[in-house]
Protein chains: 2
Amino acid sequence: MGEKLTSSLEDYLEAVYTILTKNNAVKAIDVSRMLNVSRASTTEALKKLAEKKLINYGRYDAISITPEGEAAAKEVIKKHNSLHEFFSCVLGASDSEAQDNACKIEHIVSNDILKRIVAFTKYYKKNFGDDFKNIYRS
Amino acid sequence: MGEKLTSSLEDYLEAVYTILTKNNAVKAIDVSRMLNVSRASTTEALKKLAEKKLINYGRYDAISITPEGEAAAKEVIKKHNSLHEFFSCVLGASDSEAQDNACKIEHIVSNDILKRIVAFTKYYKKNFGDDFKNIYRS
DNA sequence: AACATATGTTAGGTTAGACTAACAATACAT
DNA sequence: ATGTATTGTTAGTCTAACCTAACATATGTT
């Protein structure tokens, strides 16, 4: 495994991967739009991801993701989805609350805590259904 | 309520408050040591907190916390403690895992999600004790 | 093929947060 | 009270992340 990415670079990598799976091609501008940043910022970020061998690309080149990049992206997305599920299914948060929090926390939660959240969500859903959601008032 | 603090400034404010409650006095160097940053970085951060009226101090002055500063610090600490309790009591994480994750997540978790975590922890402890801890293996 | 629009890149600037090294002020110990 | 050690401040540097404006390339329309 390579060195740890910053939260920001993880966001860019995640965007590249997500767009790629939907479209079979990524343009830098799609990434800019998804992340609400300038084209210039995207260019810089893509350069850094390429230096780290997580994506392939050069000036005016098509963008593709390397196997290591894909693995890293999938990890972040897994964290995102696990957190989102926990926030919405277990805690009963709205979709947008669950999304917003997952987007930020995915970058900093440890693997240990994440594993526990995943296991807990599974266990909770199996054993307690939505006991809590029925009780919680806010 | 004032403008939102950065994660970093929240850490400094939290440190000031924590040391103050333990010692009845804070020195910048205590903050430096608690956060593992240089004295220079602490000076800068304290200046910013003072500009924002969260602490009182000037060059070579004693440091004290304002009512708004205290309120803000207590909020962060409450978030920290709530997250810590959830991670250790509900998820069964080690103390250091719980601390490390709480330290980072406290700055970004939303009030809505936090409220739900607090309510859930209470509910869980009352109704399920450590069912999950007895089941979870890792 | 030529032009207009899209997209990508570069250059240069900003902000926040950290650092070290040098200097200033305070505190302590004799 | 004087000198040493500790603490605080400043100046200057660095990195990461963003931005705008200007320029370069690519694309699509006729």
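So that the names make sense, note that chain A is the first sequence line, chain B the second, and so on, each numbered from 1. Hydrogens, waters and symmetry mates are skipped; everything else that's a heavy atom, side chains included, is used.
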K.L.:
Test question: given the 4.5 Å side-chain rule for I, L, V, M, F, W and Y, name all other residues clustered with B:V76, or answer none.
P.N.:
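The other cluster members (ILVMFWY side chains, heavy atoms under 4.5 Å, direct or chained): none.
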K.L.:
Ring centres under 6.0 Å, that's the criterion: do B:F86 and A:F86 meet it?
P.N.:
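Yes, they do, as the ring centres are separated by less than 6.0 Å.
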K.L.:
Using atom types as modelled, flag every donor-acceptor pair under 3.5 Å from a side chain in residues 5-15 of chain B to any protein atom, sequence neighbours excluded.
P.N.:
unit_1 : atom_1 : unit_2 : atom_2 : d
B:T6   : OG1    : B:L9   : N      : 3.1
B:E10  : OE1    : B:H107 : ND1    : 2.6
B:D11  : OD1    : B:H107 : NE2    : 2.8

K.L.:
With sequence neighbours left out, which residue pairs that include part of residues 15-36 of chain B fulfil the side-chain hydrogen bond (donor to acceptor under 3.5 Å, both in side chains) condition?
P.N.:
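The answer is B:S32-B:T42.
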K.L.:
State which residues pass side-chain hydrogen bond (donor to acceptor under 3.5 Å, both in side chains) with B:S82; sequence neighbours excluded, sorted by chain then number.
P.N.:
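Listed in chain order: nothing, the list is empty.
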K.L.:
Run the side-chain contact (heavy atoms from CB on, under 4.5 Å) check on A:L46 and A:V16 step by step: do they pass?
P.N.:
CA-CA 9 Å; A:L46 295 179; A:V16 168; 4.0 Å; yes
K.L.:
Salt-bridge test for A:K125 and A:E85: reply yes if a basic N is under 4.0 Å from a carboxylate O, no otherwise.
P.N.:
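Salt bridge flag = yes for A:E85 with A:K125.
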K.L.:
Using a 4.5 Å cut-off on heavy atoms from C-beta on, say whether the side chain of B:I108 contacts that of A:I108.
P.N.:
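Counting from C-beta outward, A:I108 and B:I108 do come under 4.5 Å.
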K.L.:
Polar pairs (N or O, both sides) under 3.5 Å between protein and nucleotides 5-9 of chain D?
P.N.:
unit_1 : atom_1 : unit_2 : atom_2 : d
D:dT7  : OP2    : B:R33  : NH2    : 3.4
D:dG8  : OP1    : B:A28  : N      : 3.2
D:dG8  : OP2    : B:I29  : N      : 2.6
D:dG8  : N7     : B:R39  : NH1    : 2.6
D:dG8  : O6     : B:R39  : NH1    : 3.1
D:dT9  : OP1    : B:Y60  : N      : 2.9
D:dT9  : OP2    : B:T43  : OG1    : 3.2
D:dT9  : O3'    : B:R59  : NE     : 3.1

K.L.:
Since syn is defined as within 90° of 0, does C:dA6 count as syn or as anti?
P.N.:
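In terms of base orientation relative to the sugar, C:dA6 is syn.
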K.L.:
Using the test ring-ring contact (aromatic ring centres under 6.0 Å, His included), find all partners of A:Y57 that sit at least two apart in sequence or belong to another chain.
P.N.:
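For A:Y57 there are no ring-ring contact (aromatic ring centres under 6.0 Å, His included) partners, ignoring immediate neighbours.
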K.L.:
Taking only residues two or more places apart in sequence, or in another chain, which ones meet A:N81 in a side-chain hydrogen bond (donor to acceptor under 3.5 Å, both in side chains)?
P.N.:
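A:N81 satisfies side-chain hydrogen bond (donor to acceptor under 3.5 Å, both in side chains) with no residue once adjacent residues are dropped.
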K.L.:
Taking the basic N atoms (NZ, or NE/NH1/NH2) and the acidic carboxylate oxygens, is any pair closer than 4.0 Å for A:K52 and A:E3?
P.N.:
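Looking at A:E3 together with A:K52, the answer is yes, because their closest N to O distance falls below 4.0 Å.
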K.L.:
If the threshold is 4.0 Å, N to carboxylate O, is there a salt bridge linking B:E75 and B:K79?
P.N.:
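Answer for the salt bridge query: no.
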K.L.:
In plain terms, say whether A:K47 and A:E51 are close enough for a salt bridge, that is, a side-chain N and a carboxylate O under 4.0 Å apart.
P.N.:
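Salt bridge between A:K47 and A:E51, a charged N being under 4.0 Å from a carboxylate O: no.
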K.L.:
Please list, for nucleotides 15-18 of chain D, all pairs of protein and nucleotide N/O atoms separated by less than 3.5 Å.
P.N.:
unit_1 : atom_1 : unit_2 : atom_2 : d
D:dA17 : OP1    : A:T6   : OG1    : 2.2
D:dA17 : OP2    : A:K48  : NZ     : 3.2
D:dC18 : OP2    : A:S8   : OG     : 2.9
D:dC18 : OP2    : A:Y12  : OH     : 3.0
D:dC18 : N4     : A:E44  : OE2    : 3.3

K.L.:
What does the 5'-to-3' dot-bracket notation of DNA chain D look like when only Watson-Crick and G-U wobble pairs under 3.5 Å count, and pairs to other strands show as |?
P.N.:
||||||||||||||||||||||||.|||||
K.L.:
Listed in order of residue number, which residues of residues 16-25 of chain B have a non-hydrogen atom at under 4.0 Å from DNA chain C?
P.N.:
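Residues of residues 16-25 of chain B that come under 4.0 Å of DNA chain C do not exist, since none gets that close.
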K.L.:
Should the pair A:F120 and A:Y124 be assigned to parallel (<30°), tilted (30 to 60°) or perpendicular (>60°) ring geometry?
P.N.:
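It falls in the parallel class, under 30°.
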K.L.:
Considering only heavy atoms of chain B and a distance under 4.0 Å, specify the first and last nucleotide of DNA chain C in 5' to 3' order that meet this criterion.
P.N.:
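On DNA chain C, the outermost contacted nucleotides are C:dA16 to C:dA25.
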K.L.:
Using residues 90-100 of chain A as the side-chain source, report each donor-acceptor pair under 3.5 Å to any protein atom, sequence neighbours left out, with the distance given to one decimal.
P.N.:
unit_1 : atom_1 : unit_2 : atom_2 : d
A:S94  : OG     : A:E97  : N      : 3.1
A:D95  : OD1    : A:H84  : NE2    : 2.9
A:E97  : OE1    : A:N101 : ND2    : 3.3
A:E97  : OE1    : B:S110 : OG     : 2.6
A:Q99  : OE1    : A:H80  : NE2    : 2.8
A:Q99  : NE2    : A:H84  : NE2    : 3.4

